[in-house]
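Just so you know, these numbers come straight off a predicted model, no measurement behind them. These numbers come from the heavy atoms of this one structure, side chains and all, not from hydrogens, waters or symmetry mates. All residue numbers refer to positions in the sequence shown, counting from 1.
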Amino acid sequence: MSFPSRFLGELQRRSVMKVAAGYAVSGWLLVQVASIVIPAFGWPDWVMRATLIALIAGFPVACVLAWIYDWTTVGVLRERADDGEEVAASASGKVESVEAAPDRVATGELVSPSPTLFGRFASWEVATVAVVMAVAVGTGVFALSTSHAEGPRHIAVLPFRVLSATEPEADVLAAGLMETLTSAVTQFGQFEEALWVVPAAEISGAMTPSSARQQFGVSLVVSGSMQFAGQSVRLTLNLIDARTGRQVESRQVDVDGGRLLALQDEATQHLARMLDVRVPRRTSVLHQGRSHDPEAGRLYVEGRGRLRNAASVEDVDVAIERLVRAVEIDSTFALAAAGLGEAYWQKYNRTQDVQWVNAAIWQSRRALRIDSTLAPAWTTLGILRSDQGHDEAAIEAFQHAISIDPGRSDPYRHLATVYRRQGDLERAEQTYREAIARQPEYWKNYNVLGAFYYGRGRYADAIAQYTRGLRQAPANPTLLNNVAVAHWQMRELDRAVVAFEQLVSIDSTHASAVPNLATAYFYLGRFDDAVRLYERALRQHPKDYGLAGALADAQTWSARHADAAPATYRRAIDLAREQLSVREEDPWLLGSLAQYYVRISQPDSARVWLRRLQGTTGDRESTDVVMSFSIGSLYESMGEREEGWAWMKPALDRNYGLIQLKHSPFLADLRRDPRAAAVLTSRGADAAADG
């Protein structure tokens, strides 16, 4: 008999075929039952996946067991051993060797079990037992491995899609709900330290779970859709594993159309269960600053949605109108007052009209008078006061935010920036590290510490921090940009330019991508390319005086655009002077005005602004290297080389300004100075003078 025939016969004799068939049928029945039971009880999707994995893994185990053992009505019989020994079983189930008891066999004391109906179905028993054991063990192992591997949970709430709408404001309401739900879920961090949420302002409308993973390093994504039908709204929530793209769980919430805050409440409760966050029943944290008025709640959600989708000042005005009405309906609606403060601040950023700064501060204070426990409102107030240069008031506001919610990193970051501006560098660095300790998975915390090191001329340390951030968020455009900038300052020009070009190709809307590539082209002498990119950036940000000044610099050295430079400098001056009433002590603003007046050959006006600038910076040793080099460049442009070199040298000693010194056309005369040539030579740079 051939081997295949003998093997098939042996499979049949050992009941392996029966066990396999029984296993398949039992497994199929179990899957059918699970497909009904799991959704009915709201169990997560991984239970079904674990069941399938366990069934597949258990199949070969069941077949091997069937090959080795006989399952009979009188017990488990081991099959023929390799040395020919046969095994018998007594009626009591005791296993003995036939060779060991020949007399008992002869007398009939040991007998083979007679086939019964139960015996004929023994293969089904082993199959069923194997299925149950495989599923139980597999599910337990899968759940255990998942819980241990999950670790800290970093979550992004993506914008909700509108599937059908009888509501004209459907898109606005969906955007507003995404904002308010993000704020609510953020509060989960008070009950589980390992969980935190990406701020809604960082999430773009086109983001997918994969891109959220790449840009922010999230492990979980909440996505969903909204359907409007008459007076009802259905919200579908999906919890997605951003690492694999698989859906972990899905739930639906239905409410009347006018009860949007109730929709948020129910959605928040569902997400708490989906994320297995245990929120104390009587806690008031998730309801801080809320309103019980349905109309005020709807207006608040609309206002947040309008503000999120605002493409113009008019859109911001509509958001302000909605939020004002919400506060008028419910004067105790703290969140609406805080949102109104943010709306006024956004209007200021778009119009540069200083009246909106004061309105933003007033509304933020109003929100805190209603509810002083709103940590985000304290942070917003601190940012507003810091931007005005009121450092002590800003520090007090940030410290209030920290005392209320010490687990959030954003007040630490802003507080550290105030310390840095005050010159308390040791305290600033320590506070930046406190932010990282609070949220070590958040890319922005590494970015700000890297920026701190960059400002001190510690480029290798800066790159190290940016790289740590990229481990969390490998495609984050801000980190990629800053790595390129740091490489630029380390004179790795080719790598920096390539990185800038790649960043622009990936995300040309990033605030710094296009201007930084333009600056790279400028220092490489590609002035026409620099003009083109600066013009592109200025079209996106027409009120940015720094972009206008950089464009004028590029035009100055471009043969095709030189005639336009004086008018562009005057435009930059006008834009900068508009900011003085708000930022009258801003050193970058004062330095820029001094530089622009030098460029249009008005040295007396330039000296006025330079004196004001030096009144804000302190001595050379404590001044930021970027500002120190900028002041030195101003003196050089005004023909005061000795004073200029005295300011430049500390920056150059800390490795800042070597690129500008070597490549800037405005410093061509300085490169002929033996001191400058010696610095370039000693740092391994080419000392050949340009032009």
Participant: What I want to find out is whether E342 reaches R304 closely enough, with some N-O distance under 4.0 Å, to be called a salt bridge.
Facilitator: yes
Participant: Restricting to pairs with a member in residues 207-217, which pass side-chain hydrogen bond (donor to acceptor under 3.5 Å, both in side chains), not counting sequence neighbours?
Facilitator: T208-S211
Participant: Please test F333 against Y300 for ring pair (Phe, Tyr, Trp, His ring centres under 6.0 Å), starting from the C-alpha separation and ending with a verdict.
Facilitator: CA-CA 9 Å; F333 198 170; Y300 172 67; 5.1 Å; yes
Participant: Below 6.0 angstrom between ring centroids: does that apply to Y453 and Y459?
Facilitator: no
Participant: According to ring-ring contact (aromatic ring centres under 6.0 Å, His included), who are the partners of Y348, at least two apart in sequence or on a separate chain?
Facilitator: W345
Participant: Quick test of your reading of the model: are E434 and R438 salt-bridged, counting only N-O distances below 4.0 Å?
Facilitator: yes
Participant: Determine whether a donor-acceptor pair (N or O, by modelled atom type, separation under 3.5 Å) exists between the side chain of N481 and the backbone of P477.
Facilitator: no
Participant: Is a side-chain donor or acceptor of T417 paired with a backbone partner of R413 at a separation under 3.5 angstrom?
Facilitator: yes
Participant: I'd like to know if the side chain of S372 reaches the main chain of L368, judged simply by a donor and an acceptor atom lying under 3.5 Å from each other, with no hydrogens or angles considered.
Facilitator: no
Participant: Using a strict cut-off of less than 4.0 Å between a Lys/Arg side-chain nitrogen and an Asp/Glu carboxylate oxygen, indicate whether R251 and E249 qualify as a salt bridge.
Facilitator: yes
Participant: Checking N482 side chain against Y466 main chain: does a donor-acceptor pair fall under 3.5 Å?
Facilitator: no
Participant: Counting N and O atoms only, with roles assigned by atom type, does the side chain of S219 sit under 3.5 Å from a partner on the main chain of H154, one being a donor and the other an acceptor?
Facilitator: yes
Participant: Look at D353 together with K347 and state whether they make a salt bridge at an N to O cut-off of under 4.0 Å.
Facilitator: no
Participant: Less than 4.0 Å between a side-chain N and a carboxylate O, is that true for E169 and R322?
Facilitator: yes
Participant: Would you call E429 and R420 a salt bridge, taking side-chain N to carboxylate O under 4.0 Å as the test?
Facilitator: no
Participant: At their closest point, which heavy atom of V198 faces which heavy atom of F216, and how far apart are they?
Facilitator: CG2-CB, 4.0 Å
Participant: Quick one: does T379's side chain have a donor or acceptor within less than 3.5 Å of a partner on A375's backbone?
Facilitator: yes
Participant: Say whether R385 and Q388, considering side chains only, have a donor N or O and an acceptor N or O under 3.5 Å apart.
Facilitator: yes
Participant: Mind checking what makes side chain to side chain contact (heavy atoms under 4.5 Å, CB included) contact with W588, not counting sequence neighbours?
Facilitator: Y545, D586, V626, M627, S630
Participant: Any donor and acceptor pair, going by atom type alone, linking the side chain of S386 with main-chain N or O of G382 inside 3.5 Å?
Facilitator: no
Participant: Would you say the side-chain atoms of N445 pair up with the backbone N or O of A435, donor to acceptor, closer than 3.5 Å?
Facilitator: yes
Participant: Which heavy atom in V316 sits nearest to a heavy atom in A310, and how many Å separate them?
Facilitator: CG2-CB, 3.8 Å
Participant: With a sphere of 6.0 Å drawn around NE2 of H292, does it hold more than 12 non-hydrogen atoms of other residues, nucleotides or ligands?
Facilitator: no
